[in-house]
Every structure is written in structure tokens, then in C-alpha cells.
There are 2 protein chains.
Amino acid sequence: MPKTVAEIAHETGFSVTTVRLIANGQASKYRISEATVKIVEEQIRRYGFVVNHAARSLKLMRTDTIGLVVPELSNAFFARLMSDLEELCRGSGLVLLTSSTNENPDLEDRAIRTLWARGVDGLIVAPCRTPDYGRLFGKTTKLPIVVVDRAYPDSRYPSVVSDNVEAGRALTRAVLETGAPLTAFLCGQTELPTIAGRIRGFAAACQEAGVTNWEELIMRAAENSAEAGRTLMGQLLERGRPPASFLCSSLMVLEGATQRLKERLGRIPVETVMGTFDDQESLDFLPNRIFSARQNEEELASQAFARLRELRAGKMSQSAQTTVPFQLIRRGGVRSAPRSGAASFRRGARASD
Amino acid sequence: MPKTVAEIAHETGFSVTTVRLIANGQASKYRISEATVKIVEEQIRRYGFVVNHAARSLKLMRTDTIGLVVPELSNAFFARLMSDLEELCRGSGLVLLTSSTNENPDLEDRAIRTLWARGVDGLIVAPCRTPDYGRLFGKTTKLPIVVVDRAYPDSRYPSVVSDNVEAGRALTRAVLETGAPLTAFLCGQTELPTIAGRIRGFAAACQEAGVTNWEELIMRAAENSAEAGRTLMGQLLERGRPPASFLCSSLMVLEGATQRLKERLGRIPVETVMGTFDDQESLDFLPNRIFSARQNEEELASQAFARLRELRAGKMSQSAQTTVPFQLIRRGGVRSAPRSGAASFRRGARASD
DNA sequence: ATGAAAGCGCTAACAA
DNA sequence: TTGTTAGCGCTTTCAT
């Protein structure tokens, strides 16, 4: 057990103030004498000292802790977001408290109440429904809250999201430019604002390219899961021949879709062009030409962190929405002999705009 | 801002003790009169009340918080582990504080010190080197610590790990049973105890099957990364023809290895049989026969949590090691026409023992 | 069935 | 340059 300031004060014969000033590194600022500093520091070195955070929080009415609430930690996107936020916190002497809600609104409410009750100084949340947390803690509470990833239309919190519309457009355009006839856009969990944005981008790109039947290309499922992808691809296959190209609203949907292709056709057709949101190294397992839109978690994290700082500083950037560009990644399409440029091509990801 | 017990006491005219008893739901236990309860509860309902956690911690010298330190949150295994642990905590009224150390021992030390300084009641850590935290906080401190995933030989903390040896054996056996000649075991970050165990299992299975040159089949790299996988596969290809089968110590290594295959051969040979540690749905992207060993994060989490409870309760199950079985998953190998059983086969994962 | 008071360890305002 | 003191909000012990 580390000693307390009072103990050290008692043992060295100095006062708590003196000891505290030294322990907090403010000795020179308050002109504590060299001798005193030496004695106290020696004592601290011998017996150790760490401020009791509970006591500090109680006194200062602040915990130097911020909360993060995400719908699904096993989703690599949120895991990376958390990782990046944690690093930002570390740099500011803060600690990050994270909760995963399993896409369950009730758990989300519980998580937020718990975090609030623990006195977090701020909250970053990727909500699984239109956020309205006033009812969880009296309206009076002035807890800074920033929404990430999912900007529900009438949310009253400042938000930081990826540019889903532009990414949907870029991804669709990339697939169209290969010349392969566009067959479908398989969408899971369509009520999410992110998915809605992606669909709008898809529609825009189609219209720009003169694809008039874009409306009927969109296939919707309620869930974002491999199962949804399987179902949608199943429906698509019933319509006719193997798709020349298709888009997926997420990696999980793509996984399900390709599983169904394998089951029905015995293999995943190599000439099919694919486009998907989310990126993962394992897309390289496919021989296909495939485009993916990757979110910039690092930028999302730092923007969200910045918004939170502003709120904490009193700047009410209320309802402001920050948008972060995706990155469009191109894979495959190098069908011929091995060539040294292949690797660098694969990595030659470029911003979508 | 919620009211404090003192405020409510003052407003209702009762004492803090009475209010506290009611607020904590111990009214009946202490025979507080109906009338009193009613008045106080009404006040609480109107103005809200949550215990100030900082004050509570200060008084009780306990934070109802436990810390988790992992080397890499973007690794799906650790993300799931965290998610499971968080759920266990929630069930016990605890809160989980997580830090990711990026496989950096210095960051690990920092993280652990921070968590300790914040007064966590216990620590679960997946260390990136032989753990010895005595020097971080005086030996005297009696902070319960449980190690997960990585049991370094001379660690003095109780640990909960997957059965890497048995999994290595099962995975190797599965690949051997296909009849494909075994070409190599590509290993990243070989100094990790997990990897060492996997290699031992590999060796055992080889010997059992009469494969005498197993020693030279093992290819080692210092890092666990796609780059390592690329390098190792590059070396393997220089030795001769495309591998009939190979094993990888992790998904990242497999990703790198397949990338190199694509670069060199223009494609990933479909007849190559693969085996890898870690599992992911996207392995289905490969047409190949492929086996994967999946850790049971849920069991690891609950065992680790249980060990921590024991330590907190004073049961010194010192240096005990708990082992959790892997799950061996079989994919591919259904090369012919579509058949309805394909899906259930794919999911027919079974325990490795 | 209810109340009073001490004290957890820290900070900040004020004294000297 | 150093010391004293009053809380922060809770729990607990001991009174009534």
C-alpha cells in the first residue's frame, strides 16, 4: 500500500501542503527549498506514493475518465476506434471506460446510466437507435456527449461520422467502371443511418452513370449478419444467372453472400466483381476484383475526442456534424503472371475523393 | 446533478442514515416505517439520486472496477475476450477498464501502473513478456492478478490459457489425414509461449504420424504479422514447388502467406491444404480445404473471472494454470456440385478433444 | 425506528 | 517558504 500525503507529512515533519506540492512536481513553482524537496522525495522514493484517485475525484468533482459505448466490440471497426480513443486518452491523462451493448437499446441505456453514475467526464457513443439520454439522467445534467459513426437524423448531440454517401458513390462508381453489369446492392440493417447514407451514394452514382433501374437493384435485410447476406444472395440467385457484380453494405453481408454462392454454384465465380464496405486483409483470399471502402477510425477517434474537449470547455458546438472521408481500396484484377508491382498495387489505397 | 443523501435528508427532515437505508433498499431490513419510506422515496423519485462512486470508493477502499490489459485490441480474439469479460463484470456490478498495449512492454507497464493507481480491485492481463509487476508497485501490494492467454514459464501469477499443445496436435493431424504431404509450419513471434505450445503440438503430431523431418518444416519469424507470413512463404517457395499443404501460427501469417502465393503464382493454388490458428468467417473466401483452431474466448473469460474472484476472496490458487480446449473447424473440401448439407457441414465445428 | 458523528485522502483557500 | 483547516459524499459505529 502506498503512503498518503498525510503520512509522509507526518514522517518528515513537514505539512501536507508542502508534501503535496513536491509530490505533484510543483516544488519549484512554489519555491520549496532544495533541502525540503530532497527529504520528501527521498521518503517518497523509499515508500512510494500515488494519489488516491477516489479522494481526488471526490474533491475535484471530476474523474478524469471518459466513457465509450459501442454496439459491438467484436466488430473490428469499433475495436480499432476504441484502441485509438484509448491512446488519445492516455495522452491526456484520462482513462477510457468502454461498454459494448450488443446492438441492444436496453443494454445501451444501462451502459450509459452506469457510466454516468460512475461520474465519467464525457461520453462518446455509437448508438443503436436515435439517441435521447435526457430520460436516463435528469435533463439538468450537463454531461458532454458526442455521437460517433451513427448520426440519427434528429439527434441533438454533436456527431462525428464517416462520409457514407460519398463512399457509396465512389464504391459504386469503381464497380461500374470495370464494365461489369451491376446486379445488386445487398444491404443489411437498413434502418441504420450509415446504411441509409451508403444507399443514397449508390443511388447517386447509378443515376450519374445512367443506370436507371437502381431502385430494384437494392436488396434489403433487417439484420447486419452473414445470415442476411446468405438470404439476400439466395434471392438474387433465384432471379437468374450468377451476378456479374454486386455490392455489400458490410463485410458480414459479403461473407454470407459468398457462402451462398459456394453452396449454390460450388465455388465463388472468379469473374464476379465485388464491392463492400469495411475492409480486411482477408479480402485478399478472394481472387476476384474487389473494391472496399475503409473507414478512417483514427480520424474519427481524434475528431470525436476533439469535439468532446470542446464541449467540456463549454464551446457548445451543438448538433454540429463532422464528416470524415473513407478510403477506397482496390484489390485483385491482376490476373496474369506474377509481377513485382502486385504488392505495391494492392497497397496503393487512395482517398476516395 | 443528482442530490446527495445529505441533501435529501435535510429536505425531508430525516437523518442521512435513514435516507441511506431507504436509498439502498434496506428499509424493510431495518424496519423503517412505511410513512418515512414513502416520503423519502417520493423525494428521490422527484430529484433523482445516485451514489457518488468516488465517495463510496474512498470510504470502502474499493472501486468495484477491474482492469484488463491486452496486447492488441484490433485482434479479434482479444476484442471478444474483452467483450465477454465486460459482460461478466456487468453481471457482478463491476466495471471493466481496458488498456491495449500494442505489444509494447513499456506501454504494458504504464497501463498496469495506471490501472493500479486508479485502484482497480483486480487485474486480468495478457502480457507481452514474462510478467513481473512487483517492481511497478511495492511488493507489499496485494492486488489480485490473473494472467490470460500467455502463460510465460516462470510467471508467478495464476493463469488461464488455451490448450495450444493439443490444438497444434489436432490441427496438424487434421492436415496430415487429408493425405497431402506436409510442407511447412509458418510461425510468427515464436518467443510467445502460445506459439511455443503450438509448435510442441505440431512436433508431437508429426512424430505420432511418422513424419521424421518435422524439425526442418518449422519456419520461424520474429513478428506475428502479414509481412512475416509473406517472408516465410517467399522462403518456402524458393525451396521448390508450391506447397501441397502448410500450417500457419496465426491468421495474420496466413494472410501474408497467401498474398505471397498470389504474387508468385498469380493465384492461390486450390489444391493446397491449409491449417491455421485463429478462425474467421472470411476463411470461407478460400476455396481450399482449410482447418482452423478457434479459441474459446467465452470460457477463457469466465475462467479468468473465476480465478480473480478466488484471489479476491483470499483463496491463493497461486500459480495454478487453467487450460481451455480449442475448437477445430473444418472448411472446404466440398468441391463438387452444390448440396444442401454444405452449410451445416461448415458449421459442424467440434471440440478438438 | 431513527440520529449523530467520525473519517476515508485529497485539494484549495487562507494564514503565518 | 511552509502550515492549518474545511470540506467533497459516503459508510459505519454507537447512541438514542
Side-chain angles (χ1 to χ4, degrees), chain A residues 1-41 43-44 47-65 93 116-119 121 141, chain B residues 1-41 43-44 47-65 93 116-121 137 141:
Chain A
M1 275 303 190
K3 305 244 168 187
T4 69
V5 275
E7 284 169 337
I8 295 181
H10 182 74
E11 290 160 9
T12 58
F14 292 100
S15 75
V16 288
T17 308
T18 307
V19 172
R20 193 176 69 80
L21 259 23
I22 295 168
N24 293 5
Q26 306 189 295
S28 57
K29 189 171 161 194
Y30 287 88
R31 294 141 203 273
I32 309 291
S33 78
E34 281 291 327
T36 308
V37 170
K38 198 150 192 186
I39 294 172
V40 172
E41 283 191 335
Q43 189 76 358
I44 289 179
Y47 300 106
F49 168 75
V50 269
V51 305
N52 179 317
H53 202 266
R56 178 171 224 271
S57 295
L58 177 57
K59 178 67 192 182
L60 300 183
M61 313 242 265
R62 138 170 84 83
T63 57
D64 294 321
T65 297
W116 169 67
R118 290 259 174 171
D121 297 335
T141 315
Chain B
M1 276 302 189
K3 303 246 168 187
T4 70
V5 276
E7 285 168 338
I8 296 180
H10 182 74
E11 289 160 9
T12 57
F14 293 99
S15 75
V16 291
T17 309
T18 307
V19 171
R20 194 177 69 81
L21 258 23
I22 295 168
N24 292 5
Q26 305 189 296
S28 58
K29 188 172 162 194
Y30 287 88
R31 293 139 204 274
I32 308 289
S33 77
E34 280 292 324
T36 308
V37 171
K38 196 149 192 185
I39 293 172
V40 172
E41 284 192 333
Q43 190 76 358
I44 289 179
Y47 300 106
F49 168 75
V50 269
V51 305
N52 180 316
H53 202 267
R56 179 171 224 271
S57 296
L58 178 58
K59 180 66 192 179
L60 300 184
M61 314 242 261
R62 137 169 83 83
T63 57
D64 294 320
T65 298
W116 168 67
R118 290 258 174 171
V120 295
D121 298 334
F137 28 81
T141 316

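Atoms considered below: every heavy atom in the structure, side chains included; atoms not considered: hydrogens, waters and symmetry mates. Naming convention: chains lettered A, B, ... in sequence-line order (proteins, then strands); numbering from 1 in each chain.
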- Query: Rounded to whole angstrom units, what separation is found between the CZ atom of A:Phe14 and the C1' atom of D:dT1?
  - Reply: 10 Å

- Task: Could you tell me whether a side-chain N or O of A:Thr63 sits under 3.5 Å from a main-chain N or O of A:Gly119, the two making a donor and an acceptor?
- Result: yes

- Could you give the CG-to-C1' distance, from A:Asn52 to D:dC8, as a whole number of Å? 13 Å

- Task: Find the distance A:Leu21:CG to D:dT2:P and express it as a whole number of Å.
- Result: 10 Å

- Can you figure out which of D:dA6, D:dG9, D:dT12 approaches the side chain of B:Arg20 most closely? D:dT12

- Atom CE of A:Met61 and atom P of D:dA6: how far apart are they, to the nearest Å? 19 Å

- What's the NZ-P distance between B:Lys3 and D:dC10, to the nearest Å? 13 Å

- Query: Please give, in whole Å, the distance from D:dG7 C1' to B:Leu58 CG?
  - Reply: 12 Å

- Options C:dA1, C:dT11, D:dG3, nucleotide nearest the side-chain atoms of B:Ser33: C:dA1

- Distance in Å, B:Ile32 CD1 paired with B:Thr17 OG1, rounded so as to fall on 0.5 Å steps: 9.0 Å

- In whole angstrom, what separates B:Leu60's CG from D:dC10's C1'? 8 Å

- Task: Give B:Gly119 one of three labels, base, sugar-phosphate or nothing, depending on what nucleic acid heavy atoms sit under 4.0 Å from its own.
- Result: nothing

- Message: I need the B:Asn52 CG to B:Lys59 NZ distance, nearest 0.5 Å.
- Response: 14.5 Å

- Message: Rounded at 0.5 Å granularity, tell me how far CZ in B:Phe14 sits from CD1 in B:Ile39.
- Response: 4.5 Å

- Item | Straight-line distance of A:Ile8 CD1 to A:Glu41 CD, nearest 0.5 Å | 11.0 Å

- Find the distance A:Lys59:NZ to C:dT11:C1' and express it as a whole number of Å. 5 Å

- Closest nucleotide among D:dC10, D:dG9, C:dG3 to the B:Phe49 side chain: D:dC10

- Query: A:Val50 near the nucleic acid: base, sugar-phosphate alone, or nothing, with a heavy-atom cut-off under 4.0 Å?
  - Reply: sugar-phosphate

- Hey, does the side chain of B:Arg56 come within less than 4.0 Å of D:dT11's phosphate (OP1/OP2), counting only N and O? yes

- Task: Respond yes when some side-chain nitrogen or oxygen of B:Thr36 is under 4.0 Å from OP1 or OP2 of C:dT2, and no when none is.
- Result: yes

- Message: Pick the closest DNA chain D nucleotide for A:Tyr30 and for A:Val16 by heavy atoms, then say which residue is nearer the 5' end.
- Response: A:Tyr30

- Message: Of the listed nucleotides (C:dA5, C:dT11, C:dA1), which one gets closest to any side-chain atom of B:Thr17?
- Response: C:dA5

- Query: Which of the following nucleotides, C:dG3, D:dT2, C:dC10, is nearest to the side chain of B:Thr18?
  - Reply: C:dG3

